[in-house]
Amino acid sequence: MTSPTDGARAQLQALVAGSSGAASDFDFVRWMPSVDDPRSAAVLILFGVLDGRPSDHVAQAQAVSADLDVLLLARAESLRSHPGQVAFPGGRVDADDADVIAAALREAREETGLDPDGVEILGPLEPIPLEHSRHLVTPVIGWWRSPSPVGVVDEAESAAVFRAPVADLLDPANRGVTVLRRGDQTLRGPAFLVPNGGGSHLVWGFTAMVLDGLFTRLGWTEPWDDGREIPLAPPVR
């Protein structure tokens, strides 16, 4: 019997297979500066049916069923680097890691407690340079064929581990931009609101740019108001 999510998996597999390995495959990378002698890092972008709480939004893309999700976490507010931000599981590639795929799986297990044996790796995408942290980050696309329980493993590292229904992320009502001002620079980027009980998680920065780029390349993006500004929370002191 064909699952409603089979179409999404097939499209993700085709995306990985068609990746050229050039950073310019992501449109937003074209204006990002290259990094000299970067440190290698990887993130796991894990799709699947993560639990039984489907989205109320009916996505326009036929492949996006109400129960298709992507795994995210919220970083601890006490961290020096990107405190409180929503991110994909992932981190720096260690000397003991065989490759970026091994690093992404290891980090995801350490951060969320997932069982890597239940993850089907569809493949890596092109690496993305991050000038501020001097990393070259490889997104690794995974499909959760046998979901395992997940949650916060280390409260010093993560504040929350949660599913984000893809249909909710695509919902124009949950989309906007964030504006970050640094001196004479004004940086605008895509943002997503993920409903969470009575509030919501704000997804912005690198994670939002990658999701936005993925959705665009997959043809899943729905028309949204790119003039709607979603305010950033003040930094924790």
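Since the model is a prediction, treat every value here as computed from it, not as a measurement. Values reported hereafter were calculated over all heavy atoms of this structure, with side chains retained and with hydrogens, waters and symmetry mates removed.
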d(Thr178 OG1, Leu232 CG) to nearest 0.5 Å is 5.0 Å
Are a donor atom and an acceptor atom from the side chains of Trp220 and Gln11 found within less than 3.5 Å of each other? yes
State, without any angle test, whether Glu222 and His57 hold a side-chain donor-acceptor pair at a distance under 3.5 Å. yes
Look at the side chain of Glu157 and the backbone N and O of Arg75, then say whether any donor-acceptor pair between them is shorter than 3.5 Å. no
Nearest-0.5 Å distance, CH2 of residue Trp143 to CD of residue Glu120: 9.0 Å
OG (Ser148) and CZ (Arg109) are apart, to the nearest 0.5 Å, by 11.5 Å
Shortest non-hydrogen pair, Val16 vs Gly123, comes out as CG1-CA, 3.5 Å
Could you state the interatomic distance from CH2 (Trp204) to CZ (Phe192), rounded to the nearest 0.5 Å? 14.5 Å
Looking only at heavy atoms, the pair that brings Pro190 and Ala208 closest together is O-CB, 3.1 Å
Between Arg163 (side chain only) and Leu68 (backbone N and O only), is there a donor and an acceptor less than 3.5 Å apart? no
Ala59 to Ala167 - nearest heavy-atom pair and separation: CB-CB, 4.3 Å
For a quick test of reading the model, state the closest non-hydrogen atom pair linking Arg228 to Pro172 and the distance between them. NH1-O, 4.1 Å
Linking I/L/V/M/F/W/Y whenever their side-chain heavy atoms sit closer than 4.5 Å, directly or via other members, would Leu71 and Val152 fall into one cluster? yes
4.5 Å side-chain heavy-atom contact, Thr112 and Leu73: yes
Interatomic spacing from CD in Glu126 to CD1 in Ile128 - rounded to 0.5 Å: 6.5 Å
Look at the side-chain heavy atoms of Ile, Leu, Val, Met, Phe, Trp and Tyr, link any pair under 4.5 Å apart, and say whether Val210 and Leu136 land in one connected group. no
Counting distance only, does the side-chain N/O of Asp97 pair as donor-acceptor with the main-chain N or O of Asp99 below 3.5 Å? no
Find out if a path of hydrophobic residues (ILVMFWY) with successive side-chain heavy-atom gaps under 4.5 Å connects Val43 to Val153. no
Do side-chain atoms of Asn196 reach the backbone of His201 as a donor and acceptor pair under 3.5 angstrom? no
Transitively linked via ILVMFWY side-chain contacts under 4.5 Å: Val177 with Val194? no
Step-by-step side chain to side chain contact (heavy atoms under 4.5 Å, CB included) determination, Phe88 to Leu72: CA-CA 5 Å; Phe88 303 113; Leu72 297 173; 3.6 Å; yes
Taking the side chain as every heavy atom from C-beta outward, state whether His135 and Pro38 have any pair of such atoms under 4.5 Å apart. no
Donor-acceptor check, side chain of Ser146 to backbone of Gly118, threshold 3.5 angstrom: yes or no? no
Is it the case that the side chain of Thr138 and the backbone of Pro127 share a donor-acceptor pair, with hydrogens and angles ignored and the cut-off at 3.5 Å? no
May I ask you to test the Phe215-Val166 pair for a side-chain heavy-atom distance under 4.5 Å? yes
Hey, which of Leu46, Leu122, Ile101, Val119 is the one that makes side-chain contact (heavy atoms from CB on, under 4.5 Å) with Val140? Ile101
Output for pair (Asp226 CG, Arg175 CZ), nearest 0.5 Å, gives 9.5 Å
Does any N or O in the side chain of Arg106 come within less than 3.5 Å of the main-chain N or O of Val93, such that one atom is a donor and the other an acceptor? no
Quick check against the 3.5 Å criterion: does Thr207 have a side-chain atom that pairs as donor or acceptor with the backbone of Val203? no
Quick one: does Leu12's side chain get under 4.5 Å of Leu218's, heavy atoms only? yes
Just wondering, do Ile141 and Leu44 contact through their side chains at under 4.5 Å, heavy atoms? no
Going by heavy atoms in the side chains, are Val86 and Phe162 under 4.5 Å from each other? yes
Tell me whether Val179 shares a hydrophobic cluster with Phe206, the cluster being built from Ile, Leu, Val, Met, Phe, Trp, Tyr side chains joined at under 4.5 Å. no
Shortest non-hydrogen separation from Pro165 to Asp69 and the atoms involved: CA-OD1, 3.0 Å
Neighbour count above 12 (heavy atom, 6.0 Å) for Asp96 CG: no
Leu214/Leu125 under side chain to side chain contact (heavy atoms under 4.5 Å, CB included): CA gap, chis, key distance, verdict: CA-CA 10 Å; Leu214 275 177; Leu125 296 177; 3.7 Å; yes
Donor-acceptor contact present, side-chain Ser200 to main-chain Pro195, <3.5 Å: no
Mind listing the closest non-hydrogen atom pair of Ser65 and Asp67 along with its distance? OG-OD1, 2.6 Å
